[in-house]
Amino acid sequence: MTTPNIHSDKILILDFGAQYTQLIARRIREIGVYCEVWAWDHDPAAIAAFGAKGVILSGGPESTTEKDSPRAAQQVFDAGVPILGICYGMQTMAAQLGGKVEANHTREFGHARLTLTKPCALFADLPADAPLDVWMSHGDRVTAIPPGFVITGTTNDLPIAAMADDARRWYGVQFHPEVTHTERGTEILRRFVVDLCGCATLWTPANIIDDAVVRIRAQVGSDRVLLGLSGGVDSSVVAALLKRAIGDQLVCVFVDTGLLRLHEGDQVMATMAAATKEQGMGVNVIRVNAAPRYFAALAGVSDPEAKRKIIGKLFIDVFDEEAGKLQGIRWLAQGTIYPDVIESAGSSTGKAHVIKSHHNVGGLPKGMRFELIEPLRELFKDEVRRIGVELGLPRAMVYRHPFPGPGLGVRVLGEVKPEYVELLQRADDIFIGELRAAGLYDKVSQAFAVFLPVKSVGVVGDARAYEWVIALRAVETIDFMTAHWAHLPYTFLEKLSLRIINEIKEISRVVYDISGKPPATIEWE
């Protein structure tokens, strides 16, 4: 069977710096259409050559009334394809096409009621007689629409909340259809990318896997590939995908740092390296017990950044040593995913800001003799999880909560000792097990225990105890940029405290972290 060209029908999203830009891309892909996110000032020639069937202009923090504020390249409007401007994207369309934008009006943030005032193709399936709940986040507003446009929506505070030029298939919405707070937002996006842009919905987990297999085989040929397997979602999905594509040409090195969750090393081996597909993936995995080296290197070190650097450097050292023992390896696989690429990308003019650099982006470490292969480079995290399930990985593994790269090394506050890690592993295992048993695990975004290097007085069996303290942390979030502490039931927290103190005699006190992000971070270190 011929694999469909899943990149043939595509949408280009120009990013003006909004916090929701990646969410727009995820929504488009959930609809089944491939899209890419580029900086607003990307090379105009490349924009013209990309061949998008439609363009979305994202929101952003700037004001179109300011000198030298971001603008869409003229090539966007010359391409003859549908355009959707969202928030700032609508404002820059108005400013560039002959309308007017005014600054410093009363800020509209949060829920608003959108009333449709005139029919247009973008809102064709929406009821004209019932206002829609939408999500607003803006200070500036369009006060005059460009020639050819009509006003298609208003709110109580905003006379021009949506505008349309059906002849050219150009649309602007001041609200954010990509967020879940906007009623029928996904329908609006689907209407744009499928009906107005004419994109086929080929971007599905099965098609993504088939396409990746073809490309991996073409890139690798008969060569062997090495993968550093951490046990996390990304590297596990890379392993499963490469196994399907090239079979025994894949060799994995699993560096067991001793800083993983309870029994996690054994679980990784059971999932990946079992002899038959009925038991596991049948991947060739070399397990390296590096725990003694890690604890020796971390002895006496309390500073969080110093610990991170030690853990990261030692991983590379151990991995290099194992790689040096292998013969005939040409390729090194990495679990780079699309947000890493977006956030590390520079812009053509230097005006768009790089958010942060990523260790997985930008090539190989100096001295590495391999060529690089990154099978997940086009995928968001939620897409990685979906194809992981499609490839046969256990759902409980694929949908586990995030786990920091340095592992429990940054969840043991202060110096990292083997005995502290063991206590933390046991407490964390009780916490996660109880969350699963109560049906709460998937209702929180991240949950974990933290070892506090302080002792507290307690009373155990009528005797005075002076033992360690464990903190529990659970948060709810959409994007992990902000987070609320999870309001777990008091009876549940009471049960956790009793179990941890009763079953781990070295623990005499359990506390629950009720800090939000901001001001706190999700992790303690």
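Numbers here simply count residues along the sequence, with the first being 1.
Side-chain atoms of His401 come within 3.5 Å of backbone N or O of Val444 as a donor-acceptor pair. Listed for the Asp340 side chain is a donor-acceptor partner under 3.5 Å among the backbone atoms of Ile337. Listed for the Arg217 side chain is a donor-acceptor partner under 3.5 Å among the backbone atoms of Ala245. A donor-acceptor pair under 3.5 Å links the side-chain atoms of Arg169 to the main chain of Leu196, judged by distance alone. A donor-acceptor pair is defined here as one N or O able to donate and one able to accept, closer than 3.5 Å; such a pair exists between the side chain of Asp428 and the backbone of Ala449. When atom types are taken as modelled, the side chain of Asp15 and the backbone of Val37 share no donor-acceptor pair closer than 3.5 angstrom.
Atom CE of Met90 and atom OG1 of Thr64 lie 11.0 Å apart (nearest 0.5 Å). How far NZ of Lys381 is from CD of Gln22: 13.0 Å, rounded to the nearest 0.5 Å. Note that CD of Glu183 and CG of Asp133 are 5.5 Å apart. Values are rounded to the nearest 0.5 Å. Remark: Leu189 CG to Ile86 CD1 distance equals 6.0 Å, nearest 0.5 Å. In this structure, Leu57 CG and Arg71 CZ are separated by 11.5 Å, a value rounded to the nearest 0.5 Å. The distance from the OG atom of Ser63 to the CD atom of Glu102 is 11.0 Å, given to the nearest 0.5 Å.
Looking at heavy atoms from C-beta onward, Ile373 lies in side-chain contact with Pro375 at the 4.5 angstrom threshold. Side-chain contact between Val76 and Leu12 is absent, with no heavy atoms from C-beta onward closer than 4.5 Å. Counting heavy atoms from C-beta outward, Tyr441 and Tyr399 have side chains that stay 4.5 Å or more apart. Residues Val475 and Lys517 fail the side-chain proximity criterion, which asks for heavy atoms closer than 4.5 Å. You'll find the side chain of Cys252 stays beyond 4.5 Å of the side chain of Leu242, heavy atoms only. Counting only heavy atoms from C-beta outward, the side chains of Leu376 and Ile387 approach each other to under 4.5 Å. Under the 4.5 Å side-chain criterion, counting only non-hydrogen atoms from C-beta, Asp210 is not in contact with Val214. Looking only at side-chain heavy atoms (C-beta outward), Arg411 and Arg473 stay at 4.5 Å or farther from each other.
Across all their heavy atoms, Val101 and Ala94 have their closest contact at CG2-CB, 4.2 Å. Contact between Phe380 and Pro339 at its shortest, heavy atoms only, is CD2-CG, 3.6 Å. Closest approach of Val173 and Phe123 over heavy atoms only: CG1-CZ, 3.9 Å. Shown here for Lys10 and Cys199, the closest heavy-atom pair between the two residues is N-SG, 4.3 Å. In terms of heavy-atom proximity, Leu202 sits nearest to Ser8 at CD1-OG, 4.1 Å. Closest heavy-atom contact between Ile432 and Ala447: CD1-O, 3.5 Å.
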Exercise for the section: Could you walk me through whether Leu122 and Thr152 pass the side chain to side chain contact (heavy atoms under 4.5 Å, CB included) test, one step at a time? Expected result: CA-CA 10 Å; Leu122 184 66; Thr152 56; over 6 Å; no
Exercise for the section: Dump the intermediate steps for side chain to side chain contact (heavy atoms under 4.5 Å, CB included) on Gln446 and Thr477, then the final yes or no. Expected result: CA-CA 8 Å; Gln446 189 171 359; Thr477 179; over 6 Å; no
Exercise for the section: Dump the intermediate steps for side chain to side chain contact (heavy atoms under 4.5 Å, CB included) on Val225 and Gln249, then the final yes or no. Expected result: CA-CA 6 Å; Val225 178; Gln249 293 168 236; 5.6 Å; no
Problem - Candidate pair Met93 and Tyr171, rule side chain to side chain contact (heavy atoms under 4.5 Å, CB included), full reasoning - result: CA-CA 9 Å; Met93 286 177 71; Tyr171 304 90; over 6 Å; no
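Side-chain polar atoms of Glu383 and Trp203 form a donor-acceptor pair below 3.5 angstrom. Side-chain N/O atoms of Thr182 and Arg184 include no donor and acceptor closer than 3.5 Å. For the 3.5 Å distance criterion, the side chains of Gln219 and Glu371 fail to qualify, holding no donor opposite an acceptor. If you check the side chains of Tyr20 and Trp135, you find a donor sitting under 3.5 Å from an acceptor. Under the 3.5 Å distance criterion, with hydrogens and angles disregarded, a donor-acceptor pair is assigned to the side chains of Ser235 and Ser230.
Each of Gln174, Glu62, Lys100 was scored for a side-chain hydrogen bond (donor to acceptor under 3.5 Å, both in side chains) with Gln91, with one residue passing: Gln174.
Every residue two or more places apart in sequence or in another chain was checked for a side chain to side chain donor-acceptor pair (under 3.5 Å) with Asp157, and none qualifies. Under the side chain to side chain donor-acceptor pair (under 3.5 Å) criterion, Glu525 pairs with Lys307, sequence neighbours left out.
Of the charged side-chain nitrogens involved, at least one lies within less than 4.0 Å of a carboxylate oxygen, so that Arg27 and Glu30 count as a salt-bridged pair. With respect to Asp248 and Lys243, a salt bridge is recorded, a charged nitrogen being found less than 4.0 Å from a carboxylate O.
Using cut-offs of 30° and 60° for the angle between ring planes, the Phe492 and Phe431 rings count as tilted.
Taking the centre and axis of the six-membered ring of Tyr338, the NZ or CZ atom of Arg29 falls inside the cone set by 45° and 6.0 Å.
Few gaps surround NE2 on His7; more than 12 heavy atoms of other groups in view lie less than 6.0 Å from it.
Between His42 and Trp40, the ring centre distance reaches or exceeds 6.0 Å.
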